[in-house]
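Order of appearance sets the numbers: ligands from 1, and atoms from 1 within every ligand. Note that this is a predicted model, so its numbers are computed, not measured.
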Amino acid sequence: MDYIHNVLTPPQLLRIGTSCLNDILHRLRSNSIESPKANAEFDIDRENGFLPAYPLQRLPLAFEFWERALDEASDVLGLGDDISEEALERRAGGEAWRQRIREGPLIPTHTIESDNRVLQRAHHVLAFLTHYYVHSTPPTEDGAPFVIPKTLAIPFTRISKLLGIAPILTYADTVLWNAYPINPGLPMTLDNMRFQHVFSGTDDEEEFYRTSASVELRGVELLQIIEEFHNLPNVTDNTAIWKIARDLQRVTSLIGELSDITQSVRAGCDPHVFHWRIRPWFNGSDAGGPSSPGWIYDGVDSSDRLDLSGPSGGQSTTVHTLDIWLDIDHKLSQKRHPAPSDENKRADHGFMERMRRYMPGQHRSYLEYLQNAPRSLRELARQSPALREPYNAAVMALKKFRDYHIRIACLYIVTMSKTARYSCPVIASIMKEQQKASATGPSTQMSKSDLLKRWEEYVDKIHYSERYCDDHFEYRHVILPKPLLKLVPKHYFNPDDQSTLRLLTEKEWRSIGITQSLGWVHYEVHTPEPHVLLFRRELNFQQQLAPDGRPTGQLNRNAGRK
Ligand code: HEM
């Protein structure tokens, strides 16, 4: 298929139109508000911080080949190591897509090299294409490095160099340059925000990006406070000290909100889905460990020296800004009290510094500017008794943020790595039935791995309806493939009518293979169609999660706004 010469479809024309409209509206709005000079110089938006107010949603026509390939990717590609029947059926289409990429045009980039927003879009598109290309390829045993074709590698490295960012999928690609306002006339908030590209096609992936974006939006207030701190004419009089103390209290509670936001990921992003269906797309060249062959960027000099780890929250400039302002010493190079614990000493002290290479160059420059600023908050707090307590409280809040975050990271990664990709008590129950049957008669047993494979294929075919609402609940129905219903343990069925399921607990419906975020309740069975399960969830459920994941009603969905 020749992407360039095909006529644009109406949705694509609409997207180009919306993108132009966004740009015009943004220019109008930014002309009416004078941006603080220092922050604007670092591509920091007055209202959206490190998120651009309006990311470009489509490249100019000369780059239509890339945009079309990305439009098509989510329909034809799946993870290369997925061996379900459906995935195997799609493999030929996937190989055809990759062939088109390999044989496509090497598009020159000189026409866009002076336009930051277009370069950002180009990075975003090429990053998604590269990760689609790598991770949709079925694994081989040959131990050779993975070759990224020239058609992606050359423009991707060139554009990355101009932006000062690593040539790989970064936090900027998945979060900062992926978010767009649903209604371009309104400010970007959690409710007025969508993400243009998700690898897995799941709501969970979008929710994962939304959590980070909401940390970024909430961080805007921090950027303003820091700018004001550096612009204070002096920091010796009582008025200035009083203002700094009050601002530190604001920052402490703001960091508390960042902890709540990070915890809220559990409401919309299922850990199992994250670990097995989303995270594999993020892996960079080093994901297989130091001895793995990694990736080669064809046609690029010294490709082995490129920074090619995948995206991480560690690339959030907001979190680095907090670290620098509060003078958190990740490298343990300063003498501090209390002295670092043994655990701290064993940590990777260079991690945060490495992560800066995965940030847009202008944001990294902002961090350098902060780091070199003549005024040190920590030093001031040491000298001013009135600031010590609020300063220490802010540092403790940041420590708490990291403590909460590490628990989430463990749940989503360490705990999930111990689960089977398709874990299933259903299989255990069938195995039990088989064992009972073979004790009393001739054996017709299937092996556990055959059963598992069959079950995986059915699970992939579970259909999740769109959500629909009334005044109190959102609803959706889940349709099990009929052969899967036959594998469901007998005790999940209505004792009075073995043809219909009874109402299942969350643990039970998850054990069948249904994956949904928290809060959904199986509330009704539909007798004529026993394979259709009806679910509902309270409309404001997502707002109600406390830091530990329990409902409270505390979380503000508009947390990105003051
Ligand atoms: C489901 C949600 C999350 C998971 C599973 C997760 C996982 C991880 C993991 C595994 C790391 C270790 C380094 C790496 O492999 O990249 C990490 C680091 C980091 N993440 Fe997250 N993360 C999540 C949400 C967030 C959010 C919302 C933020 C805020 C923007 C964030 C900020 C960070 C930071 C700053 C680091 C660097 C290490 C540190 O400063 O403690 N993460 N994350």
Side-chain angles (χ1 to χ4, degrees), residues 49-51 166 168-172 174-176 179 190 200 202 204-220 222 254-289 307-324 326 328-331 343-344 347-359 363 367 395 397-417 517-518 545 547 549 555 559-560:
F50 298 108
L51 284 155
I168 192 89
L169 187 78
T170 65
Y171 181 82
T174 52
V175 179
L176 307 181
L190 294 191
S200 60
T202 58
D204 304 64
E205 187 175 341
E206 186 159 356
E207 284 305 314
F208 178 66
Y209 299 152
R210 191 185 303 280
T211 306
S212 297
S214 86
V215 165
E216 297 303 322
L217 288 182
R218 194 62 196 93
V220 175
L222 170 76
L254 186 151
I255 299 172
E257 283 180 53
L258 300 190
S259 299
D260 292 350
I261 293 168
T262 306
Q263 300 293 311
S264 75
V265 73
R266 293 191 57 200
C269 178
D270 181 285
H272 195 269
V273 174
F274 174 80
H275 186 77
W276 293 105
R277 293 176 61 191
I278 301 171
R279 193 161 183 253
W281 291 104
F282 296 163
N283 286 336
S285 165
D286 55 359
D307 288 311
L308 298 180
S309 298
S312 160
Q315 297 160 11
S316 156
T317 315
T318 299
V319 180
H320 285 250
T321 301
L322 270 170
D323 281 344
I324 292 177
L326 296 174
I328 307 300
D329 178 22
H330 285 288
K331 295 174 104 181
E343 207 183 324
N344 275 346
D348 176 353
H349 301 145
F351 177 77
M352 289 303 266
E353 193 169 8
R354 269 200 318 282
M355 288 300 104
R356 290 196 194 173
R357 306 205 292 259
Y358 294 79
M359 288 175 192
H363 295 172
L367 297 181
V395 173
L398 189 54
K399 179 186 178 303
K400 252 193 195 161
F401 166 81
R402 288 201 151 94
D403 291 344
Y404 281 133
H405 167 270
I406 200 73
R407 276 191 239 156
I408 286 280
C410 280
L411 169 67
Y412 278 68
I413 293 165
V414 182
T415 310
M416 288 304 119
S417 69
S517 44
L518 295 181
L545 284 191
L555 257 188

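- Residues T170 and M359 form no side-chain contact, since every pair of their non-hydrogen atoms from C-beta on lies 4.5 Å or further apart.
- D286 is linked by a side chain to side chain donor-acceptor pair (under 3.5 Å) to S309, counting only residues two or more places apart in sequence or in another chain.
- Every side-chain contact (heavy atoms from CB on, under 4.5 Å) that R354 has, sequence neighbours left out, goes to D348, F351, R357.
- For the side chain to side chain donor-acceptor pair (under 3.5 Å) test, residues two or more places apart in sequence or in another chain that qualify with T202 are S200.
- Classification of D403 and K399 as a salt-bridged pair holds, one side-chain N sitting under 4.0 Å from a carboxylate O.
- Under a 4.0 Å N-O distance rule, the pair R356/E353 does not qualify as a salt bridge.
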For ligand 1, what N or O to protein N or O distances fall under 3.5 Å?
residue  : atom   : partner : partner atom : Å
ligand 1 : 16 (O) : S312    : OG           : 2.7
ligand 1 : 20 (N) : H405    : NE2          : 2.8
ligand 1 : 22 (N) : H405    : NE2          : 3.0
ligand 1 : 40 (O) : R402    : NE           : 2.9
ligand 1 : 40 (O) : R402    : NH2          : 2.8
ligand 1 : 41 (O) : R402    : NE           : 3.1
ligand 1 : 42 (N) : H405    : NE2          : 3.0
ligand 1 : 43 (N) : H405    : NE2          : 2.9

